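Structure first, commentary second.
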Amino acid sequence: MVKDYLNSAIAKVLGSYEAVPDDFVVELEIPNNPEHGDWSTNAALKLARYLRKAPREIAEEMVARLSDVFSPELITSADVAGAGFINFRVANAYWWQLLGRILELESRYGRGSSGDGKKALVEYVSANPTGPLTVGHGRNAVLGDTIANVLDWSGYDVTREYYFNDAGRQMRVLGESVRSQYLSILNPSRETKTVEGGSGDVVVPEDFPEDGYLGEYIIDIARSIASEHGDTKKAEDAEGFFKDAAEKVIFADIEATLGRIGIRQDEYFNERTLYDTGKIWNVVDGLRKEGLVYDSEGAVWFKTTEFGKEKDTVLVKSSGEPTYRLPDIAYHVDKVERSYDRIVDIFGADHIATVPDVLKGVELLGYDVSGIDVVIYQFVTLVRSGKPVKMSTRKATYETLDDLIDEVGADVVRFFFLMRSANTHLEFDLDLAREASDKNPVFYLQYAHARICSILRKADEVGAGSTVAEPDLGQLVHASEINLIKSLAQFPAVVEDASSSLEPHRIATYLRELAVAFTDFYGNCRIIGEEDGIASARLALARAARIGLANGLSVLGISAPDRM
RNA sequence: GCGCCAGUAGCUCAGUUGGAUUAGAGCAACGGACUUCUAAUCCGUAGGUCGCAGGUUCGAAUCCUGCCUGGCGUACCA
C-alpha cells in the first residue's frame with residue numbers, strides 16, 4: 001500500500017527531529033478535493049507546537065528530506081500547500097500495479113487481516129417466537145447479518161447467534177391465545193367478546209386472554225391443530241402443548257423469513273438454559289458478595305444507584321420470577337466465558353436503558369467487558385399513504401417483514417436498512433419503496449454490475465482485445481480510468497473502517513461512488529471498437545470494476561445480477 | 001425532571017473520527033442528450049446563517065457548555 005509506504009517514509013524523516021514526541025501519529029488522508037493530490041498529511045501543522053516553528057516552514061523542510069527518500073516510480077510529487085499540508089501524488093504505475101492485484105485476488109479483493117486468528121460473536125434478531133418478524137426486526141436482522149459479514153471480511157472467525165426466550169409471560173399468553181381460538185374452532189357457538197385491536201375492534205372468544213395476540217396467524221395455528229388433531233387436544237395445557245405447537249410454527253416462519261433475505265444463524269441460545277444450569281443464580285450470588293444485591297419487599301434488587309442510576313433495579317420479582325435483566329447479565333457472562341475477542345449485540349433503541357446495567361453487572365462479576373460492543377439502532381417508522389403505521393405485535397398492526405419483502409424484494413429491503421447509519425431514525429415509506437423501486441440506489445449499483453457483465457459478454461462475442469495475450473495496463477491514462485482505479489483502491493480500507501466502527505452503511509455509501517466512477521469511465525472510454533491494445537487494457541479495468549461492485553454487494557448480502 | 005439518539009438543500013441522507021477560498025450525493029424542480037458496450041443511464045442549472053448562542057485553536061458540521069425541537073427510554077413488561 002502507498003499509505004504504508006508514505007507512512008514509513010514520513011516516520012523516517014521525523015525520526016531526525018528530536019523534539020517530535022515518540023507517540024506522534026502521522027495522519028494520512030485522501031483529500032476530498034482531488035486537486036490536492038492522492039494523499040495528504042497534516043503532520044507539519046501538528047508538529048508546529050512541538051518544533052516551535054511555522055507549519056509551512058516545517059513542511060518545506062520535510063518535503064526536502066522526503067524527496068531524498070521517495071522512489072520516483074511511486075511518488076511523483078510532494079508539495080506544500082495551504083496552511084502547511086503536504087500533498088502527495090502517486091505515480092500511475094502504482095495504480096496499474098494495483099489493478100493487476102485486484103484481478104488476481106478477484107473474489108478475495110477487499111478481505112482484510114485485522115481480525116485474523118480472532119473470534120467474534122454477533123448476536124442479532126433475537127426475537128421471541130410470539131409472532132412473525134416485524135419491519136423493526138428486519139432492521140436488526142440485516143444490520144447484524146451485515147456486521148457479521150463485515151467482520152468475516154476483515155478476518156474474524158464469526159459466529160452468528162440468536163438469543164430467545166420460550167418461557168415467561170409472553171409465551172404463556174401466546175399459548176392461551178392459541179388454545180382459546182382452538183376451542184372456538186371446535187365449538188363455534190362459544191361465547192365471544194369484542195376487544196380493541198390496532199385497526200379497529202376484534203371479536204375473540206370469551207376466554208381469550210386479556211393481552212392475547214390478535215394476529216391472524218394465531219387462528220391459522222389453531223386451525224391447523226384442529227385439522228391435524230381434531231378435538232383430542234381439548235384438555236391440553238395452554239403452557240404445554242399449545243405453547244409448544246405455536247412456538248414450533250412461529251419459529252419455522254421466522255427462519256423462513258430470514259432465509260428470504262439471506263440470513264441463517266449458527267447458534268440458537270435458549271434463555272432457559274441459563275436457569276437450568278443455575279447461571280442466573282451465580283450472578284445474583286456473585287453480585288451479592290460484592291454487596292450490590294439486596295432483598296426488599298420480597299424482591300431481589302441490584303444497587304444500580306451505586307453507578308449513577310436514579311433507582312435500583314429489580315432482578316428477581318417478588319413472584320420469584322427473574323426480570324429479563326438477570327438472564328441478560330448471565331447471558332453476557334456466558335458469552336464472555338466462551339472467550340470471543342469481540343462480542344457484538346444488536347439492540348433496538350428501546351433496550352438502551354438496560355445496556356449499562358448489563359455491562360456493569362458483568363464487569364462487577366470480574367469479567368473484562370472491553371470486547372463487548374453494543375450497536376443501537378433507532379426505530380423504523382413505517383409510512384403508508386403518508387401516515388405512520390403503529391407497530392405492535394400483540395395488536396397485529398404491524399407490517400410484517402415478509403410483507404415488506406413481498407412488496408419490494410429482498411435486495412431493496414437489505415439495502416434500505418443498510419444505507420443509513422444505525423443511529424438515525426429510518427423512515428420507510430412503503431408506497432415510495434414499492435412504486436419508486438426503479439430509482440432506488442440499489443438498482444443503480446446492480447445496474448452498473450449488469451452493464452459490465454453485458455460488456456464482457458459482448459466483447460467476448462466480437463473478440464475485442466483478443467489478439468493481445470497480456471493486457472498492457474500502462475495504456476490506461478485517461479482521467480476516468482485512473483479515477484476508477486483509485487476508487488477501487490479504497491475498497492479494502494472501507495471494509496476495514498466498517499469493521500472497526502461496526503458501521504456497514506459506509507460500504508453502501510462507498511459503492512455508490514464506485515458505481516459513479518465506473519459509469520463515468522463507461523461514458524468516456526469505449527472498449528468495443530477500439531484497437532486491441534487499448535480494448536484489452538480497458539477490459540481488464542472493467543473486470544476489476546465488476547470485482548469491486550460484486551464484492552461490495554456480497555458484503556452487504558445483496559445480489560449482483562449478470563443482466564437486468 | 002433525568003438519560004440516550006438525532007437536528008446539514010423543498011424531501012431522504014453522506015460527510016473519511018478536528019482540516020484546505022467553493023459543506024457533498026440521491027429524489028423532487030428546470031434545461032439538454034438515445035443511428036453508440038444496457039437510457040434502470042448521462043451532462044448541465046438552481047437550491048445552505050450545517051437547530052440557536054457562546055467557547056476551545058493555526059482551523060469546527062465535527063470537540064466543550066447552555067438553550068430550542070423531535071424520537072426513544074426512565075416498570076416487580078420484554
Side-chain angles (χ1 to χ4, degrees), chain A residues 27 29-33 35-36 40-42 45-46 48-49 54-56 81-85 87 126-128 130 165 168-170 211 271 296-301 308-311 313-325 327-328 348-356 376-379 381 393 419-427 429 432 436-441 443-444 446-448 450-459 461-462 464 490 493-494 497 500-501 505-506 508-510 512-513 516 519-520 522-530 535 538-539 542 563-564:
Chain A
E27 289 172 39
E29 60 166 22
I30 299 175
N32 33 22
N33 183 347
E35 286 174 24
H36 293 148
S40 172
T41 182
N42 58 3
L45 289 159
K46 295 243 154 159
R49 49 191 289 222
R56 280 198 69 103
F85 292 93
N87 297 332
S126 296
N128 288 338
T130 57
N165 177 18
R169 202 186 66 87
Q170 280 188 1
D211 290 330
E271 182 181 315
S296 176
E297 300 166 48
V300 178
W301 297 76
K309 285 250 177 169
E310 274 180 55
K311 292 172 66 180
T313 306
V314 172
L315 290 180
V316 184
K317 305 181 217 170
S318 50
S319 66
E321 221 179 337
T323 65
Y324 67 100
R325 264 190 189 78
D328 259 11
D350 56 341
H351 280 66
I352 186 96
T354 87
V355 172
I376 298 286
Y377 62 94
Q378 299 297 317
F379 269 19
T381 313
T393 301
M419 55 192 289
R420 295 175 187 170
S421 77
N423 56 8
T424 65
H425 293 263
L426 180 58
E427 192 174 288
D429 187 326
L432 192 82
S437 59
D438 62 313
K439 52 195 166 192
N440 192 295
F443 288 104
Y444 185 81
Q446 294 181 317
Y447 186 71
R451 192 180 238 174
I452 299 173
C453 293
S454 169
I455 294 171
L456 297 179
R457 276 194 301 272
K458 187 83 175 257
E461 270 170 38
V462 304
Q490 289 179 250
V494 171
D497 278 356
S500 62
S501 64
H505 76 276
R506 296 185 185 208
T509 305
Y510 161 75
R512 165 95 208 167
E513 288 166 23
V516 167
T519 305
D520 179 62
Y522 171 83
N524 291 318
C525 305
R526 292 191 57 82
I527 296 173
I528 291 159
E530 297 290 326
R538 285 176 177 170
L539 271 174
R563 54 184 89 225
M564 287 174 78

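If you're wondering where the values come from, they're calculated on a predicted model, not measured in any experiment. Values reported hereafter were calculated over all heavy atoms of this structure, with side chains retained and with hydrogens, waters and symmetry mates removed. So you know, we letter chains A, B, ... as the sequences are listed, proteins then strands, and number each from 1.
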What's [X] touching, base or sugar-phosphate or nothing? Going by heavy atoms closer than 4.0 Å.
| X | answer |
| --- | --- |
| A:Cys525 | base |
| A:Lys309 | nothing |
| A:Ala81 | base |
| A:Arg512 | sugar-phosphate |
| A:Thr354 | nothing |
| A:Gln490 | nothing |
| A:Ala299 | base |
| A:Ala450 | base |

Kindly give the heavy-atom pair with the smallest separation between [X] and [Y], and that separation in Å.
| X | Y | result |
| --- | --- | --- |
| A:Ala299 | A:Val314 | CB-CG1, 4.3 Å |
| A:Ala459 | A:Leu539 | CB-CD2, 3.6 Å |
| A:Arg451 | A:Thr519 | NH1-CG2, 3.8 Å |
| A:Gln378 | A:Ala349 | OE1-CB, 3.6 Å |
| A:Ala83 | A:Arg56 | O-CG, 3.5 Å |
| A:Pro322 | A:Lys317 | O-CE, 4.1 Å |

### Task
Identify whether a stacking contact exists between A:Phe85 and B:G19, where the ring centres must be under 5.5 Å apart and the planes under 30° apart.
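No, A:Phe85 does not stack on the base of B:G19.
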Return the stacking result for B:A78 and A:His351: yes when the ring centres lie under 5.5 Å apart and the planes under 30°, no otherwise.
->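 Not stacked by the 5.5 Å and 30° rule.
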The side chain of [X] is closest to which nucleotide in this list: [options]?
| X | options | value |
| --- | --- | --- |
| A:Tyr447 | B:G15, B:C76, B:U41 | B:U41 |
| A:His425 | B:G70, B:C42, B:U36 | B:G70 |
| A:Asn42 | B:G19, B:C42, B:C37 | B:G19 |
| A:Asp350 | B:G73, B:C5, B:C42 | B:G73 |
| A:Trp301 | B:U36, B:A78, B:C76 | B:C76 |
| A:Thr509 | B:C37, B:A14, B:G73 | B:A14 |
| A:Ile528 | B:A20, B:C37, B:G70 | B:C37 |
| A:Ile455 | B:C37, B:C76, B:G15 | B:C37 |

Just how far, in rounded Å, is [atom2] of [N] from [atom1] of [X]?
| X | N | atom1 | atom2 | result |
| --- | --- | --- | --- | --- |
| A:Glu427 | B:C11 | CD | C1' | 9 Å |
| A:His505 | B:U12 | NE2 | P | 17 Å |
| A:Lys317 | B:C77 | NZ | C1' | 7 Å |
| A:Gln378 | B:G3 | CD | C1' | 13 Å |
| A:Glu27 | B:G19 | CD | C1' | 9 Å |
| A:Arg563 | B:U38 | CZ | P | 10 Å |
| A:Tyr510 | B:U16 | OH | C1' | 13 Å |

Assess the residue pair A:Tyr377 and A:Leu426 against the criterion (side-chain contact (heavy atoms from CB on, under 4.5 Å)); give the C-alpha distance rounded to whole Å, side-chain angles, the decisive distance to 0.1 Å, and a yes or no.
CA-CA 9 Å; A:Tyr377 62 94; A:Leu426 180 58; over 6 Å; no
Establish, with yes or no, whether the OP1 or OP2 oxygen of [N] is under 4.0 angstrom from a side-chain nitrogen or oxygen of [X].
| X | N | result |
| --- | --- | --- |
| A:Tyr444 | B:C42 | yes |
| A:Arg420 | B:C13 | yes |
| A:Ser421 | B:A14 | yes |
| A:Tyr522 | B:A39 | yes |
| A:Asn128 | B:A78 | no |
| A:Arg325 | B:A78 | no |
| A:Tyr324 | B:A78 | no |

Any N/O pairs under 3.5 Å between the protein and nucleotides 58-64 of chain B? List them or say none.
none

Its dot-bracket string being built from Watson-Crick and G-U pairs below 3.5 Å, with | for another strand and [ ] for crossing, RNA chain B has the pattern (((((((..((((.....[....)))).(((((.......))))).....(((((..]....))))))))))))....
Q) Quick one: on RNA chain B, does A:Arg451 or A:Asn423 contact a more 5' nucleotide (nearest heavy atom)? A)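 This one resolves to A:Asn423.
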- Message: Return whichever of A:Asn87 or A:Ser500 has its heavy-atom-nearest nucleotide of RNA chain B closer to the 5' end.
- Response: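 Comparing both residues, the 5'-ward one is A:Ser500.
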Next item on the list: Go through the structure and list residues passing side-chain hydrogen bond (donor to acceptor under 3.5 Å, both in side chains) with A:Arg538, not counting sequence neighbours.
Entry: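 Per chain and number, A:Arg538 pairs via side-chain hydrogen bond (donor to acceptor under 3.5 Å, both in side chains) with A:Glu481.
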